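Here the structure is laid out as structure tokens; the discussion comes afterwards.
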Protein chains: 2
Amino acid sequence: MNKNITEIYNLIQDLSWYFGNQGFDGECCEDLSLVEYMALKKVCGMKDIIIQEIGTALNITKSGVSKVIDRLEEKNYVLREQSSKDGRVCCVIPTVKGLNAVKKISDRYSEYLLEVLDSVEQDSLVNIRDVMELLYKAIREKGYIRKN
Amino acid sequence: MNKNITEIYNLIQDLSWYFGNQGFDGECCEDLSLVEYMALKKVCGMKDIIIQEIGTALNITKSGVSKVIDRLEEKNYVLREQSSKDGRVCCVIPTVKGLNAVKKISDRYSEYLLEVLDSVEQDSLVNIRDVMELLYKAIREKGYIRKN
DNA sequence: AATAATAGTTGATGATGGAAACTATTATTT
DNA sequence: AAATAATAGTTTCCATCATCAACTATTATT
């Protein structure tokens, strides 16, 4: 096994732990859990996104998404709207509160990262961004790792 | 807000989702959940690690760790051993099964990553590793992001 | 018109982590 | 040395949350 690859894998995994559920004690920010925030981000990032698209993007079942959206709707971050083209389909729309929350949380993380990367040169930042982009694109293309 | 920083943050977060709990449908590999695997990795990586050290490393309470170790012990991945120096302290030791499991899962992930990064040059791999290392070290030094 | 397929919701269930109370052991104080 | 405080870990109770399977409503196909 390529040594670099194994090291990269270990680093991604450890890094991911920081940005996963354990990274902030249960709550992501405000009253949002991580999955709620991730779903809200998808909702804010795509016009008229539907339940199943959120599920595919986040790799959770439609049943799970339905409940996440329940919670987001209860807390007034999103609205449900029946599709005019297909009565079965449920479009999810962000509220102003939802849009603001994503912005605020994103800023807070960015600020954290800014402190973390305080001493890094601007050139290196570009390199870091490029590497992360390469990694993410490649992994997204490949799809989620499968059990078998 | 620095544009690169925000982009890096978003990429890390999305990448982390793939390597977090949603990345593999509940199970990490074999019969291990992600947190169980992460704890097992810590146990395998440090001689006579104690409950609280695992908790600090993974940012979960000692109560939580105790239960994770319960499960790992039930499944024969680790053993508990009272410290000879301090009767209150509980050292956690990996079994052969535990060591093998970490090796196997690590290899499986590495293989996945190898496929993902198939077309990337060796030089770039080194760069990727360096970037991830820089990121991880900086974040680990800074500590987990806090709620407030 | 009848049947199949699809989108989403709901109820039951299981996994899991935290808070606080508890036990056992060690350290400190008087 | 005895009493008290501090510490490590465990356990009980509870809340969160995701999945499976059954269900409803709507649309597509036969």
Side-chain angles (χ1 to χ4, degrees), chain A residues 17 20-40 42-43 48-75 78-93 144 147, chain B residues 17 20-28 30-40 42-43 48-75 78-93 144 146-147:
Chain A
W17 192 257
N21 254 312
Q22 301 308 326
F24 20 66
D25 314 301
E27 285 177 9
C28 180
C29 199
E30 315 274 321
D31 54 355
L32 291 171
S33 72
L34 179 59
V35 68
E36 286 164 10
Y37 172 57
M38 293 299 286
L40 182 56
K42 298 290 172 196
V43 170
D48 288 339
I49 196 169
I50 71 175
I51 298 281
Q52 302 223 353
E53 287 170 337
I54 299 171
T56 304
L58 299 182
N59 202 36
I60 51 184
T61 62
K62 57 182 183 170
S63 152
V65 176
S66 182
K67 281 169 212 186
V68 171
I69 299 302
D70 278 350
R71 281 178 260 144
L72 286 175
E73 199 169 20
E74 256 169 44
K75 291 185 269 196
V78 303
L79 289 174
R80 262 181 249 245
E81 206 168 86
Q82 201 181 36
S83 166
S84 52
K85 288 176 190 164
D86 186 333
R88 292 169 299 185
V89 172
C90 170
C91 297
V92 185
I93 324 264
Y144 285 100
K147 268 193 223 176
Chain B
W17 193 257
N21 255 312
Q22 301 308 327
F24 21 66
D25 314 303
E27 285 177 9
C28 179
E30 315 275 322
D31 54 355
L32 292 171
S33 71
L34 179 58
V35 66
E36 285 163 11
Y37 172 57
M38 293 299 286
L40 182 55
K42 298 291 173 196
V43 170
D48 289 339
I49 198 170
I50 72 175
I51 297 282
Q52 302 221 353
E53 287 169 336
I54 299 171
T56 304
L58 300 182
N59 201 35
I60 50 184
T61 62
K62 57 183 183 169
S63 150
V65 176
S66 183
K67 283 175 226 181
V68 171
I69 299 302
D70 279 351
R71 282 178 261 146
L72 286 174
E73 198 170 22
E74 257 169 44
K75 291 186 268 196
V78 303
L79 288 174
R80 261 183 250 245
E81 205 168 87
Q82 199 182 37
S83 166
S84 54
K85 288 176 189 163
D86 186 333
R88 294 167 298 185
V89 171
C90 171
C91 299
V92 186
I93 324 264
Y144 286 97
R146 288 285 141 226
K147 267 194 226 177

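In what follows, chains are A, B, ... by sequence order, proteins preceding strands, each numbered from 1. Because the structure is predicted, anything quoted here is derived from the model rather than measured.
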Exercise for review: Round to a whole Å and report the spacing from CG of B/L72 to P of C/dG17.
Suggested key: 11 Å
Review point. Is there a Watson-Crick or G-U wobble partner for C/dA1 with both distances under 3.5 Å, and which nucleotide is it?
Key: D/dT30
Review point. Could you give the CD1-to-C1' distance, from B/I69 to D/dT11, as a whole number of Å?
Key: 16 Å
Check your understanding: Does A/Q52 put a side-chain nitrogen or oxygen below 4.0 Å from OP1 or OP2 of C/dG8?
Key -> yes
Practice item. Could you check whether B/V65 gets within reach of a base, just the sugar-phosphate, or nothing at all, counting any heavy atom under 4.0 Å? Key: nothing
Point to revise | Nucleotide C/dG8, atom P - distance to CG of A/D48 in whole Å | key: 12 Å
**Study point:** Nearest-angstrom distance from the residue atom NZ of A/K62 to P of C/dT6
**Key:** 10 Å
Exercise for review: Would you kindly give the CZ-to-P distance between A/R80 and C/dG8, to the nearest whole Å?
Suggested key: 10 Å
Check your understanding: Rounded to whole angstroms, how far apart are CZ on B/R88 and C1' on C/dC22?
Key -> 16 Å
Review point. If you find the nucleotide of DNA chain D closest to A/S84 and the one closest to A/S63, which residue's nucleotide is nearer the 5' end?
Key: A/S63
Exercise for review: Mind checking B/E53 for me? I need base, sugar-phosphate or nothing, with any heavy atom below 4.0 Å counting as a touch.
Suggested key: nothing
Practice item. Grab the two heavy atoms, one from A/I93 and one from A/V43, that are nearest each other, plus how far apart they are. Key: C-CG1, 3.8 Å
**Study point:** Separation of atom NZ in A/K85 from atom C1' in D/dT26, rounded to whole Å
**Key:** 17 Å
Study note, to complete from the structure: Heavy-atom nearest nucleotide on DNA chain D taken for B/I51 and for B/K67; more 5' hit belongs to B/I51
Point to revise | Note, B/D48 side chain near B/E53 side chain (heavy atom, < 4.5 Å) | key: no
Check your understanding: Does B/R71 place a side-chain N or O at less than 4.0 Å from the phosphate oxygens OP1/OP2 of C/dG14?
Key -> no
Exercise for review: Using Watson-Crick or G-U wobble geometry with both distances below 3.5 Å, tell me the partner of C/dT6, or none.
Suggested key: D/dA25
Study note, to complete from the structure: Whole-Å distance, B/L32 CG to C/dA15 P, equals 14 Å
Exercise for review: Taking only the side-chain nitrogens and oxygens of B/T61, find out if one of them lies under 4.0 Å from OP1 or OP2 of C/dG17.
Suggested key: no
Check your understanding: Sub-3.5 Å donor-acceptor pair from the side chain of B/S66 to the main-chain atoms of B/K62, do we have one?
Key -> no
Check your understanding: Base, sugar-phosphate, or nothing for A/G64, non-hydrogen atoms under 4.0 angstrom?
Key -> base
Review point. So, for B/R80 and B/C90, which heavy atoms are closest and what is the spacing to 0.1 Å?
Key: CG-SG, 3.3 Å
